[in-house]
Amino acid sequence: MTTAPSVEGTQLRLEFEDNRLLPALFGEHDSHLARIEQHLGVTVVPRGNLVAIEGPSDAAERARETLTRLYRRVEEGQAVDMGEVDAALRFADAADGTSAAGLAETSIETRKRRITARSPVQADYLRALAQHELVFALGPAGTGKTYLAVAKAVSLMMRGEIQRLILSRPAVEAGERLGFLPGDLREKVDPYLRPLYDALYDMLPAEQVTRRLESGEIEIAPLAFMRGRTLANAFVILDEAQNTTAMQMKMFLTRLGEQSRMVVTGDMSQVDLPPGQRSGLADALEVSAEIAGVSVVRFGAADVVRHGLVTELVKAYDARDRERSAETRGDEGGTR
């Protein structure tokens, strides 16, 4: 692939070497090019193995970076869908101006698929998972916090670097408690743990998930089951950690044993604890702030990798919450 020099900073031209890859790159009816045009406000015109990009110089450059990244993916035999187009656009839009070509490729191999970062923060998260024994991942739903942690754990298990994968959640959400739910203990807790099962089945064949669950190599359990244990040679994930108390969080973190790693995920805007009770996640972040070896990765609305409307909804909720917080501070100031 070659790139022609820019003309007056508003036109770029890309030349791709293999015409056979272009249908996958451009998408059905050039839908991928249309998404790039819509997002960046540029015009992208394909002519054979050439693509002409016209628009503001910075937007045209980001379009070039996006197409370059996607073409490399197709060259490697990987699929390109609209989600991957959006991912490439996120990298091109990275605030630090780093080009897609300059960003380190970050991916995870599992039995069923290769998983790659879909935003710069996801790339940072995957690097943190590789380098640190305790990682806190904070941010809204849909940013891949739990999904990528499960993927990393499964890849380490496949390589024999860990013996067990332990997935846990606090089993109290939205004001509901286990005693009020029908069924035995497993039937009571499974609805809370369903997202963890879903992630596992996305990484491993169903028969392997079943076998490893039966053997104890993979354990999915409510947080209360962690008490009194030392978790060695394991990858341990605590999901929805904003709904832990400070005591529960301390109990969980102190389970970390030799040759083990922990990932704690949560969204501080979704705390379902009783009013006045401080989240154990907030407490743990404060306590561990100066401890070496602990990594904190913060996701934002721009990192949501679900339907585009989810990103807009998260932004709208965040804006509304900021307004209410400002109004509250103003009211408090007026009553002094």
Side-chain angles (χ1 to χ4, degrees), residues 1-109 113-124 126-127 142-144 148 300-312:
M1 181 180 62
T2 60
T3 305
S6 62
V7 179
E8 297 180 358
T10 59
Q11 296 180 357
L12 292 174
R13 188 183 69 191
L14 292 177
E15 181 177 355
F16 298 101
E17 297 173 0
D18 192 342
N19 284 2
R20 296 170 299 177
L21 303 180
L22 298 187
L25 175 64
F26 296 163
E28 187 175 0
H29 305 302
D30 294 341
S31 58
H32 297 167
L33 302 184
R35 176 64 65 89
I36 293 170
E37 289 180 324
Q38 180 185 33
H39 182 84
L40 295 175
V42 298
T43 300
V44 182
V45 180
R47 297 189 184 94
N49 67 331
L50 298 176
V51 171
I53 304 170
E54 184 171 355
S57 58
D58 59 338
E61 178 61 25
R62 293 202 299 278
R64 183 196 68 78
E65 291 175 6
T66 300
L67 287 167
T68 298
R69 186 181 186 88
L70 293 173
Y71 184 78
R72 286 204 311 273
R73 183 177 176 87
V74 176
E75 277 187 314
E76 294 171 357
Q78 299 183 65
V80 170
D81 56 17
M82 203 61 77
E84 293 299 336
V85 175
D86 290 340
L89 286 166
R90 290 188 197 97
F91 278 99
D93 287 341
D96 60 5
T98 304
S99 69
L103 287 166
E105 292 291 340
T106 310
S107 64
I108 297 173
E109 295 287 348
R113 65 182 59 199
R114 181 185 183 191
I115 297 163
T116 57
R118 288 193 165 192
S119 76
V121 178
Q122 281 196 354
D124 291 340
L126 290 179
R127 283 189 284 268
T143 51
L148 292 176
D303 301 300
V304 173
V305 294
R306 293 179 181 170
H307 193 288
L309 279 176
V310 177
T311 300
E312 297 307 313

- Run the numbers on I53 and L67 for side-chain contact (heavy atoms from CB on, under 4.5 Å), then give the verdict. CA-CA 10 Å; I53 304 170; L67 287 167; 4.1 Å; yes

For a 4.5 angstrom cut-off between non-hydrogen side-chain atoms, does [X] reach [Y]?
X   : Y   : result
E65 : F91 : no
V85 : L70 : yes
N19 : L21 : no
L22 : Y71 : yes
R64 : L14 : yes

Write down the atom of [X], the atom of [Y], and the distance for their closest heavy-atom approach.
X    : Y    : result
P56  : G41  : CD-O, 3.9 Å
R127 : D124 : NH2-OD1, 2.8 Å
R118 : G83  : NH1-CA, 3.6 Å
I115 : L148 : CG2-CD2, 3.7 Å
V42  : A60  : CG1-N, 3.9 Å

Among residues at least two apart in sequence or on other chains, which ones pass side-chain hydrogen bond (donor to acceptor under 3.5 Å, both in side chains) with R73?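 If we apply the side-chain hydrogen bond (donor to acceptor under 3.5 Å, both in side chains) test to R73, skipping adjacent residues, the hits are Q78, E84, T116.
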
Just to verify, what does D81 make a side-chain hydrogen bond (donor to acceptor under 3.5 Å, both in side chains) with, not counting sequence neighbours?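 Not a single residue meets the side-chain hydrogen bond (donor to acceptor under 3.5 Å, both in side chains) criterion with D81.
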
Margin query: Applying side-chain contact (heavy atoms from CB on, under 4.5 Å) to E75 and D18, what does each step give before you reach the verdict?
Written below: CA-CA 9 Å; E75 277 187 314; D18 192 342; over 6 Å; no

Check your understanding: Between D303 and T143, does any side-chain donor sit less than 3.5 Å from a side-chain acceptor?
Key -> no

Side-chain donor-acceptor distances from residues 26-35 under 3.5 Å, at least two apart:
unit_1 : atom_1 : unit_2 : atom_2 : d
S31    : OG     : E28    : O      : 3.2
H32    : ND1    : L25    : O      : 3.0
H32    : ND1    : G27    : N      : 3.4
R35    : NH1    : D86    : OD1    : 2.7
R35    : NH1    : D86    : OD2    : 2.8

Across all chains, not counting sequence neighbours, the side chain to side chain contact (heavy atoms under 4.5 Å, CB included) partners of A24 are V74

Give every residue pair that meets the side-chain hydrogen bond (donor to acceptor under 3.5 Å, both in side chains) criterion with at least one member in residues 37-55, sequence neighbours excluded.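 Sorted pair list: H39-D93.
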
